[in-house]
Amino acid sequence: ENFKPGGFPGDGISGNRGWGVYIEDTGVAGYFETVWHEDFEGSDITPFVPRDTAADDTTAGAYSAGYSPASFSGAVVTPVISPDTSCLIPGLIDSATRTLDIEQAYITPWPESGENPYLQAAINAARRGVQVRVLLDSSWFNTDGDNDNDECVSAINALAREEGLMLEARCAGLETLGLEKIHTKGVIADSERVLVSSINWNENSPCFNREAGVIVDHPGVGAYFTAVFEHDWTASAPSAAKGVDWTKWMAAVGIIAVLAVLGYRRHRP
C-alpha cells in the first residue's frame, strides 16, 4: 500500500482494500536490505526536494473493520522483485492445481502483443481444470474508459461461457464493501500460496518499475487471505439492479399497454 490516508486510514475510516504482511526473518530482511542499498547507491539517484502538494481527499466514509491481524510461523517466503524476478508470478499461477483467486486494481493488455501474459496464464489454468476467479476494481477511473476493467470482466466471462471454463470475473462492489477502491495486487493459489505485492498487472510495473512483493507458502496464511477474498467476491456478486432484465421489462411494458387500453375504453364517451 501507499503511505497515504487511503492506504492506511485511521480506525473507523474507509480506505483501500490492500493486502499486507509483516515478516520477521533475518534472511528475508537481509535480502530486501541488499536490494534497498543497491537502489539507493544507484547512479541515477537524486536528492528529494519537498514541494507543496494538495491535501488528500478526506471525504472517506465510516468503516467497520471485518478482519484483525493474524500471526503464523513456519512459512516459506519467496521475495518477488520487479523487474528482476517478476517471472515468479506466472510461475505461481502455473503451480495452481485446484483453485486460483486473483484480486487486482486493474488488468490491461500489453501494447506490443495486445494480451496480458499474467491473465493468459490464469486462463490457461482454467483450461487445465483449475477454478479461477478474478476480482477487479470498479472505481470510475478503472471503468469509464473503452478498454478497462469492466470490458476486461466482460471478455473473461464471455470466454468462460464459450469454452465452458470454471472461470469468472467480477468488478468489486465497493459500495457494499464500504471501500474506496481495490488496490490489491494479489494472487492465491490452491488456498495455500499467496502473492502480496505492489506489482500491477500492466506492462510497466513488472517489466520496468522497481516493485516488491513476497510469495508466502503456508496453509494458515492462505486460509486467511482466501477468507478476505471470499468476502470481497461474495459482496461483488452481479445483481439485477446492475443491469436490465429485458424480458421482464418488455412484459411490464405489455401489461401497462393493456391497462391503458382498458382504461381508455372504460372512460370514453
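The figures here come from the full heavy-atom set of this structure, side chains too, leaving out hydrogens, waters and symmetry mates.
Linking ILVMFWY residues whenever their side-chain heavy atoms come closer than 4.5 Å, directly or via other members, leaves I199 and Y31 in distinct clusters. Using a 4.5 Å cut-off between side-chain heavy atoms of Ile, Leu, Val, Met, Phe, Trp and Tyr, with links allowed through other members, F229 and L136 fall into different hydrophobic clusters. Hydrophobic cluster membership is shared by W19 and I81, with clusters built from Ile, Leu, Val, Met, Phe, Trp and Tyr side chains linked at under 4.5 angstrom. If you chain together hydrophobic residues whose side chains sit under 4.5 Å apart, V216 and V28 fall into the same group. A single hydrophobic cluster is seen to contain both L135 and Y67, as judged by linkage of ILVMFWY side chains at heavy-atom distances under 4.5 Å, directly or through other members.
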Side-chain donor-acceptor pairs of residues 68-80 under 3.5 Å, sequence neighbours excluded:
none

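Cluster partners of I13: none. The rule joins Ile, Leu, Val, Met, Phe, Trp and Tyr whenever side-chain heavy atoms lie under 4.5 Å apart, and it links nothing here.
Within the structure, ring pair (Phe, Tyr, Trp, His ring centres under 6.0 Å) contacts touching residues 93-120 (residues at least two apart or in different chains) are Y118-W201.
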Please walk me through it: do R133 and E230 pass salt bridge (charged side-chain N to carboxylate O under 4.0 Å, His left out)? CA-CA 10 Å; R133 299 183 293 182; E230 196 71 46; 2.9 Å; yes
Mind running side-chain contact (heavy atoms from CB on, under 4.5 Å) on Q120 and I123 for me, showing each step along the way? CA-CA 5 Å; Q120 193 59 50; I123 293 171; 4.1 Å; yes
Quick one: do D232 and E103 satisfy side-chain contact (heavy atoms from CB on, under 4.5 Å)? Show the steps, please. CA-CA 9 Å; D232 293 353; E103 191 160 348; 2.8 Å; yes
Given side-chain contact (heavy atoms from CB on, under 4.5 Å), test L174 with E180 step by step and report yes or no. CA-CA 7 Å; L174 297 179; E180 297 300 304; over 6 Å; no
Start with the C-alpha distance between C152 and N147, add both sets of side-chain angles, then the distance that settles side-chain contact (heavy atoms from CB on, under 4.5 Å), and finish with yes or no. CA-CA 7 Å; C152 181; N147 188 24; over 6 Å; no
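Taking CD1 from I102 and CH2 from W233, the interatomic distance works out to 10.0 Å, rounded to the nearest 0.5 Å. Note that the CG atom of D148 and the CG atom of D146 stand 8.0 Å from one another [nearest 0.5 Å]. Remark: S14 OG to L179 CG distance equals 5.5 Å, nearest 0.5 Å. In this structure, N157 CG and L167 CG are separated by 7.0 Å, a value rounded to the nearest 0.5 Å. The CD atom of Q131 lies 11.0 Å from the CZ atom of R98; values are rounded to the nearest 0.5 Å. Note: M166 CE to T99 OG1 = 10.0 Å, rounded to the nearest 0.5 Å.
Among all heavy-atom pairs drawn from Y63 and A65, the shortest one is CE2-CA, 3.7 Å. For the pair G27 and D25, the tightest heavy-atom approach, listed with the atom from each and the gap, is N-OD2, 2.9 Å. Nearest heavy-atom pair, A105 versus N200, reported as atom, atom and distance to 0.1 Å: CB-OD1, 4.1 Å. Across all their heavy atoms, N204 and N202 have their closest contact at N-OD1, 3.4 Å. Of all heavy-atom pairs between S236 and C171, the closest is CB-O, 3.6 Å. The two atoms that bring K185 and S197 nearest to each other are O-OG, 3.0 Å, heavy atoms only.
Using a 4.5 Å heavy-atom threshold, the side chains of T143 and E151 count as separate. At least one side-chain heavy atom of E38 sits less than 4.5 Å from a side-chain heavy atom of T34. Side-chain contact between F225 and V196 is present, with at least one heavy-atom pair separated by less than 4.5 Å. When side chains are defined from C-beta on, E163 counts as touching R127, because their heavy atoms get closer than 4.5 Å. V134 is listed as a side-chain neighbour of I107, based on a closest heavy-atom distance under 4.5 Å.
A donor-acceptor pair under 3.5 Å is formed between the side chain of S86 and the backbone N or O of P206. For N149 (side chain) and R170 (main-chain N/O), no donor-acceptor pair under 3.5 Å exists by modelled atom type. A donor-acceptor pair under 3.5 Å is formed between the side chain of Q104 and the backbone N or O of G186. A donor-acceptor contact shorter than 3.5 Å is absent between the side chain of N16 and the backbone of I182. D101 contributes no side-chain N or O that, together with a main-chain N or O of I188, makes up a donor-acceptor pair within less than 3.5 Å. One N or O on the side chain of R128 and one on the backbone of D94 form a donor-acceptor pair closer than 3.5 Å. Put simply, the side chain of S139 never gets that close to the backbone of F141: no donor and acceptor are under 3.5 Å apart.
A salt bridge does not link E168 with R161: every distance from a Lys NZ or Arg NE/NH1/NH2 to an Asp or Glu carboxylate oxygen is 4.0 Å or more.
Within a 6.0 Å sphere centred on CZ of F40, other residues, nucleotides and ligands contribute 12 heavy atoms or fewer. By the neighbour-count criterion of 12 heavy atoms within 6.0 Å, atom CD of E41 is densely surrounded, having more than that number from other residues, nucleotides or ligands.
Side-chain atoms of S82 and R210 include no donor-acceptor pair closer than 3.5 Å. Side chains of S205 and E211: a donor-acceptor N/O pair is present below 3.5 angstrom, by distance only. Judged by distance alone, the side chains of D137 and N142 do bring a donor and an acceptor atom under 3.5 Å apart. E1 and H183 share a donor-acceptor pair across their side chains, judged by distance under 3.5 Å alone.
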